[in-house]
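Everything below concerns the one structure shown next.
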2 protein chains.
Amino acid sequence: MTEPQWLNPEERRAWLAVASLMFRLPATLESQLQRDEDLTVAGYMVLAMLSESATRECRMSKLAELTNTSQSRLSRIVARLEKDGYVTRAMDANDRRVVLARITEAGVAKIAAAAPGHVAAVRAAVFDRLDEEQVRQLAAISRTLLGDELPYLPE
Amino acid sequence: MTEPQWLNPEERRAWLAVASLMFRLPATLESQLQRDEDLTVAGYMVLAMLSESATRECRMSKLAELTNTSQSRLSRIVARLEKDGYVTRAMDANDRRVVLARITEAGVAKIAAAAPGHVAAVRAAVFDRLDEEQVRQLAAISRTLLGDELPYLPE
DNA sequence: GTTGATTACTTGCAATCGAAACTAATGTAG
DNA sequence: CTACATTAGTTTCGATTGCAAGTAATCAAC
């Protein structure tokens, strides 16, 4: 532990900016989806991951990893999506501990309806403001920081 | 609106990594502070901002901006810090709508005790993993994305 | 094949949050 | 001076969260 105990001025300035971004950006995306589609960002991501899956279904634990949430949180998110008719849950016949979440037709329709607005919000908040070089830098930095925690991303 | 409707493959991959980071990093910092100091990240930031202020006090609305929270959320955060003895609230004599939050001695001691662990967590999660060039890139990107929403940062 | 550990998921509880409603003080227009 | 709008902050409500405890199925060891 020979690390300096505090951040140096450049690190400090960098951190304050990163921290601001880290708190404000999710809130921006959250409020757009909430206002326009009555969806949580987490709920959106669940639907997005399921809709992009070849089988349209996924086990809960994997879904939790893909959507960067805890298992308990995911459980409640999927419960809500199920109540709203966007997802169904079924036991896996091979391993009856496993629950497979499957997106419904209504869920596919919902994500199709919600995507343009959400993508526009992401564009407006991020990609419209960066040039290609910065996008590459940001992607590389994010992957480095995630390290081994980068969830496996379905094709 | 001639924007493409979806993200291109490079943007998409970049976004998935950024989004993962954006959800996981706050959770990491939150759990460290919670576990070791029984503090919220938001509560930590409030104490940090107050302790760095020359007068050791700050009006609620400015504090909300500095800590990237809504006014209503800040109100509850400060109420909790006050209950724990780290902050006091007083009416501003000049404008009696204004509330000045002031950090107490116990609050100063608390932030001093909490800072090393929190800084270590920030280092471990971010600065230890990036080289100087990447730190500069990340800072520049963050400031660009924040745009005019970069809160005024006290010296 | 029974016991104990592990894995997968859910749920109870207390705490927290965002949105909107609310109180109270100040500013402004006539 | 008297409305009316605006600003500052708090609070209420329903919903969400994390943690820890719970249920249930599978696995591993003997």
Side-chain angles (χ1 to χ4, degrees), chain A residues 22-46 50 57-84 87-102, chain B residues 22-46 50 57-84 87-102:
Chain A
M22 206 172 63
F23 287 110
R24 288 169 189 256
L25 185 49
T28 300
L29 301 179
E30 200 73 60
S31 80
Q32 182 274 322
L33 273 176
Q34 197 60 247
R35 172 171 42 79
D36 297 345
E37 299 289 343
D38 191 28
L39 271 184
T40 306
V41 170
Y44 178 95
M45 289 182 71
V46 167
L50 287 175
E57 66 184 7
C58 182
R59 46 160 48 202
M60 295 292 280
S61 48
K62 170 150 240 171
L63 208 42
E65 202 187 310
L66 289 173
T67 59
N68 310 295
T69 64
S70 67
Q71 228 171 170
S72 93
R73 189 182 168 202
L74 179 74
S75 185
R76 278 184 272 242
I77 291 164
V78 171
R80 210 254 209 199
L81 291 173
E82 189 172 38
K83 181 175 72 62
D84 292 343
V87 158
T88 58
R89 274 186 287 193
M91 199 177 62
D92 182 335
N94 295 78
D95 183 340
R96 291 182 313 178
R97 291 171 301 183
V98 170
V99 171
L100 297 171
R102 165 178 287 272
Chain B
M22 206 171 64
F23 288 110
R24 287 168 188 256
L25 185 49
T28 300
L29 302 179
E30 200 73 60
S31 78
Q32 182 274 322
L33 273 177
Q34 197 59 247
R35 171 172 43 80
D36 297 345
E37 299 290 343
D38 191 29
L39 271 183
T40 306
V41 171
Y44 178 94
M45 289 182 69
V46 167
L50 287 175
E57 66 183 7
C58 181
R59 53 195 289 171
M60 295 294 280
S61 48
K62 170 151 239 170
L63 208 44
E65 201 187 311
L66 288 173
T67 59
N68 308 295
T69 63
S70 67
Q71 230 173 173
S72 96
R73 190 181 167 204
L74 179 73
S75 186
R76 281 181 291 235
I77 291 164
V78 170
R80 209 256 209 200
L81 292 173
E82 189 173 38
K83 181 175 73 62
D84 293 343
V87 158
T88 58
R89 275 186 285 194
M91 199 176 63
D92 182 337
N94 293 77
D95 183 341
R96 292 182 312 177
R97 292 171 301 183
V98 170
V99 170
L100 297 172
R102 165 178 286 271

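Note on naming: letters A, B, ... go to the chains in the order of the sequence lines (proteins, then strands), and numbering restarts at 1 for each one. Just so it is clear, the values below take in all heavy atoms, side chains as well, and ignore hydrogens, waters and symmetry mates.
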Checklist line | Short side-chain to backbone donor-acceptor contact, Ser70(B) and Arg73(B), under 3.5 Å | finding: yes
Check: For Leu74(A) and Ile77(B), take the nucleotide of DNA chain C holding the closest heavy atom to each; which residue's nucleotide lies nearer the 5' end?
Finding: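 Mapping each residue to its closest nucleotide by heavy atoms, the 5'-most match is Leu74(A).
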Next item on the list: Take Ala27(A) and Leu100(A), find for each the nucleotide of DNA chain C with the closest heavy atom, and name the residue whose nucleotide sits nearer the 5' end.
Entry: Leu100(A)
How many angstroms lie between [atom1] in [X] and [atom2] in [Y], if you round to the nearest 0.5 Å?
X	Y	atom1	atom2	value
Arg80(B)	Glu82(B)	CZ	CD	13.0 Å
Glu65(B)	Ser61(B)	CD	OG	8.5 Å
Arg24(B)	Thr69(A)	CZ	OG1	8.5 Å
Asn68(B)	Leu25(A)	CG	CG	11.5 Å
Leu39(A)	Leu33(A)	CG	CG	6.0 Å
Met60(B)	Arg97(B)	CE	CZ	15.5 Å

Margin query: One character per nucleotide, please: for nucleotides 19-28 of chain D, 5' to 3', B when the base has a protein heavy atom closer than 4.0 Å, S when only the sugar-phosphate does, - otherwise.
Written below: BB----BS--
Interatomic distance where [atom1] belongs to [X] and [atom2] belongs to [N] [whole Å]:
X	N	atom1	atom2	value
Arg73(B)	dG18(C)	CZ	P	5 Å
Lys62(A)	dC9(C)	NZ	C1'	17 Å
Arg59(A)	dT10(C)	CZ	P	12 Å
Leu81(A)	dT16(D)	CG	C1'	13 Å
Leu33(B)	dG18(D)	CG	C1'	15 Å
Asp38(B)	dA14(C)	CG	C1'	13 Å
Glu65(A)	dA8(C)	CD	P	11 Å

Would you indicate, yes or no, if [N] has its OP1 or OP2 atom less than 4.0 angstrom from a side-chain nitrogen or oxygen of [X]?
X	N	answer
Ser61(A)	dC9(C)	yes
Gln71(B)	dG9(D)	yes
Arg80(B)	dT16(C)	yes
Arg89(A)	dT10(C)	yes

Margin query: Pick the closest DNA chain D nucleotide for Ala79(B) and for Thr40(A) by heavy atoms, then say which residue is nearer the 5' end.
Written below: Ala79(B)
Checklist line | Proximal nucleotide (of dA8(D), dG18(D), dG18(C)) relative to the Ser70(B) side chain | finding: dG18(C)
Notebook entry, point to check: Is Phe23(B) close to Met45(A) at the side-chain level, that is, under 4.5 Å between some pair of heavy atoms?
Noted result: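 Met45(A) reaches Phe23(B) side chain to side chain.
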Notebook entry, point to check: Taking Glu57(B) as the fixed residue, which of Arg89(B), Arg102(B), Lys62(B) is the one that meets the salt bridge (charged side-chain N to carboxylate O under 4.0 Å, His left out) rule?
Noted result: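 Single pass found, and it is Arg102(B).
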Checklist line | Between the first and last five pairs of the helix from dG1(C)-dC30(D) to dG30(C)-dC1(D), the angle of the axes, rounded to 10 degrees | finding: 20°
Next item on the list: Could you pull out the closest heavy-atom pair between Ala42(B) and Ile77(B), with the gap in Å?
Entry: CB-CD1, 3.5 Å
